[in-house]
Amino acid sequence: MSVVEKEKNNYKEEKIVTALSKKLNKKVNIQRKKRLWVSIEPKEIVDACSIAYDMGFEHLSTISVTDWIEKNNFEIAYHLWSYKEKMLLTIKARINRENPTISSVTSLWSKNAELCERECHEFYGVIFKGNINLTPLMLEDWDGPPPFRKDFDWRKYVQQEYYNESNPREDNYFEVKK
Amino acid sequence: MTEIEEKQGDFEMYFGPAHPGSGNFSVRVQLRGERVMKAVVDPGYLHRGFEKLMEYREPMQNSVLSDRICVLEPLQWNLLHAEAVDTLMGYDIPERAKYIRVILAELSRIQSHFIWYAVMSMGTGFTTGFNVAMGYRDYMLDVFDYITGGRLYPAGYICPGGVRKDLPEKAEKKILTLFEKIDYMHKFAKKENPAWLERFKEVGVLTKEEAIKLGATGPILRASGVASDVRRDDPYEIYDELEFEIPVLDEGDAYSRYLIAMQEIEESKKIVKQAIDRMPKGEVKTPNMKPIVHFRKAKGETYTRNELSRGEGAIYMIATGKKTPYRVKIRGPSFTHMIPILKHLLTDSYYADVPAIYWSLNQCPADVDR
Amino acid sequence: MKLSVISEIFKNLFKRPMTVLFPMEKVEIPERERAKHKFDIDNCISCGSCAKICLNKAIKMVEVKKEYKEKYPKTYPQIDLGKCCFCALCQDICPTGCLILTEDFYLATFDKDSIIIEPLKI
């Protein structure tokens, strides 16, 4: 890639950053090439997403939840791709771990958002207000805590449920990690 | 969506998980006569919890895990995982390793599209197509075996920091002879098949707007008229230096999806040939000899996207300075294809079209469930 | 071009089959094939890195039988092929190269105990 082209690309990113920052009233950061991110308040999520949608970020790549157990909150990240600008915008919102509720974005991405939120609800127990279909997706007959949370120790659960310490082929699963 | 009132005579049919070729995936279709009133998708037969498993393991071990995400395109998932770790670690990949990665990923794409052709023909009762495609795919697996040491699973051949071993002697020659061998299959698959025209033409039409809204990616999106390819839009490895075209069709039906697959095989062949021509000599790994990634040095997060043969695959990885990644989120391309899009296309179609629509979406239940 | 069934049939009549008759004929196994392990106990330095990197915990460091303890006093890797995923990370990490994966892929067995490779073969 020539130098001129590179400058052009950077210019393009900055143009979008300034436009987005103005509309969202938040500082939009450039992580690396073609990757932008912005952190917002959880109650603004639908507005922020619709602003991004209008700016061309039409493709909802995925919604991911990260469990920050030390800070006692969940970080919900919406990864949006723009077919026009060819850029990825990550919108992040932090919600309290005790009361994990956030508005649903099904109004924008209909079934796609519904599905992503269903997955997040199943694995993290996040409740999306406005999503009418939060039924179990993948786990069958599971009534324990949401399994992807950090305080759910998967290894311990499997040791109790499925492994036998007296079996010589399985005893090394019980070794304590240093 | 309005709920449909149940009438007397309505009945429910199961399509999968014990259907030959449906994979570990099930669709419940509610029928009124021949018409599908509603389709309920039931994934989860293959849920292995990779996202959680990866939180417990180190990146080098995860790279072995990563090829189990999708059985039909393990090398591409390998590449995706390796890239995510590379970005976090700031590895500077040797030039030769990049070329090897691209060659293997594209071979994997051809192989995966062969399977697509195979399941599509099996779904419509064209068993010859299935046999031919699977047979010729096996020649490709022999080459994978020769290069990576495993027919299906490369077991982390494309690892963080490069590739684990250099190409063996005569590998380039083997790949080129392989292309001559599979040429017959490609010609066979490209031929116009009257039975397919009947089964696939104007079936399962996905318009451009719906495709974007429902999150379609890859060949499905391109068949609906959006020229979008991660290799072009968000280039990784050496794709910005190579010349290739992105096939786009406007119809959005099952037949155009098949046509896209056939053209993509052609493009992938072109890419592999170019890469073999231009491949430089030199190292294939960052100087670190042992298969260990010092992940404690990594901090931050990355959202790495790749063009898999089924669409856009992505890994969202967060490192907090521990030995293992703090969080790994995997986005499989079939996740959106198999659930919202399949539901949308099946509603109000005929029962006889269900297999045609189902297989035209290039499904992989393994990356839906992960 | 249209697909013509008759011409395809005639073409295929004179082609060699794609498959081989297995016990009599064999497919060539490449050098890099990752299959059954081979362990050379004399070169092993008992570092345990193979057990550490194994992602399925298929490798366990064990002591050898009493009769041979004088000659081999340390702990050595015992491999459970039932758990092994044949990724060859143990081969790559081994500092002395005493643990390698061979081309022997005939691993099907009726006997559950035979899938465990003891460090010392007697």
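In the text below, chain A, chain B and the rest are named by the order of the sequence lines, each starting its count at 1.
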Check whether any side-chain N or O of B/Y326 sits under 3.5 Å from a backbone N or O of A/D67 as a donor-acceptor pair, and report yes or no.
yes

Pairwise distance CD1(B/I339) to SG(A/C116) - rounded to 0.5 angstrom
9.5 Å

Does anything in residues 122-135 of chain A reach chain B? List residues with heavy atoms under 4.5 Å apart, or say none.
A/F123, A/Y124

Identify the heavy atoms of A/F152 and B/K52 that sit nearest to each other, and give their distance.
O-NZ, 3.4 Å

Is the shortest side-chain heavy-atom distance between A/K150 and B/E55 below 4.5 Å?
yes

Chain B heavy atoms under 4.5 Å from A/L88: which part of the residue, side chain, backbone, both or neither?
side chain

In terms of heavy-atom pairs under 4.5 Å with chain B, which of A/L139, A/L137, A/L60 leads?
A/L137

B/R28: which residues meet the salt bridge (Lys or Arg N to Asp or Glu O under 4.0 Å) condition with it, sequence neighbours left out?
B/E12

Heavy-atom closest pair, residues A/R35 and B/T304:
NH2-CA, 4.2 Å

Residue A/A77 versus chain B: region with a heavy atom under 4.5 Å:
side chain

Less than 4.5 Å apart, any side-chain heavy atom of B/Y303 and any of A/S61?
yes

Where does A/F148 contact chain B at under 4.5 Å (heavy atoms): side chain, backbone, both or neither?
both

Side-chain (A/K34) to main-chain (B/D233) donor-acceptor, under 3.5 angstrom:
yes

Count the heavy-atom pairs under 4.5 Å between each of B/I212, B/D234, B/D369 and chain A, then report the option with the highest count.
B/D234

Looking at B/K213, B/E51, B/E241, which makes the most heavy-atom pairs under 4.5 Å with chain A?
B/K213

Flag the pair B/K329 and A/E119 as a salt bridge only when some basic side-chain nitrogen lies within less than 4.0 angstrom of an acidic carboxylate oxygen.
yes

May I ask you to check whether over 12 heavy atoms, not counting those of A/E70, lie within 6.0 Å of atom CD?
no

Flag if over 12 foreign heavy atoms under 6.0 Å of CG, A/D151:
yes

All salt bridge (Lys or Arg N to Asp or Glu O under 4.0 Å) counterparts of A/R149, not counting sequence neighbours:
none

Region of B/L46 that comes under 4.5 Å of a non-hydrogen atom in chain A
neither

Shortest non-hydrogen contact from A/Y83 toward B/A216
OH-O, 3.7 Å

Show the numbers, then the answer: is there a side chain to side chain contact (heavy atoms under 4.5 Å, CB included) between B/R305 and A/H79?
CA-CA 11 Å; B/R305 297 164 82 237; A/H79 305 279; over 6 Å; no

Distance from A/K111 atom NZ to B/K343 atom NZ, nearest 0.5 Å?
5.5 Å

Can you list everything that forms a salt bridge (Lys or Arg N to Asp or Glu O under 4.0 Å) with B/D348? Sequence neighbours excluded, please.
B/R35

Shortest non-hydrogen separation from A/L115 to B/P340 and the atoms involved
CD2-CD, 3.5 Å

Side chain / backbone / both / neither for A/P136 at chain B, heavy atoms under 4.5 Å
neither

Yes or no on side chain to side chain contact (heavy atoms under 4.5 Å, CB included) for B/I318 and A/W68, after CA distance, side-chain angles and deciding distance?
CA-CA 11 Å; B/I318 299 177; A/W68 296 100; 3.9 Å; yes

One should read off an interatomic distance between A/H59 NE2 and B/L214 CG, to the nearest 0.5 angstrom, of 11.5 Å

Would you check, one step at a time, whether the test side chain to side chain contact (heavy atoms under 4.5 Å, CB included) holds for B/Y316 with A/T62?
CA-CA 10 Å; B/Y316 179 56; A/T62 194; 6.0 Å; no

Which is it for A/W81 and B/T217 under the side chain to side chain contact (heavy atoms under 4.5 Å, CB included) test, yes or no, and what are the steps along the way?
CA-CA 11 Å; A/W81 175 258; B/T217 50; over 6 Å; no

Tell me if a side-chain donor or acceptor on B/R327 pairs with a main-chain N or O of A/V65 at a distance below 3.5 Å.
yes

Scored by heavy-atom pairs under 4.5 Å with chain B, the best of A/W109, A/W154, A/W37, A/Y53 is A/W154

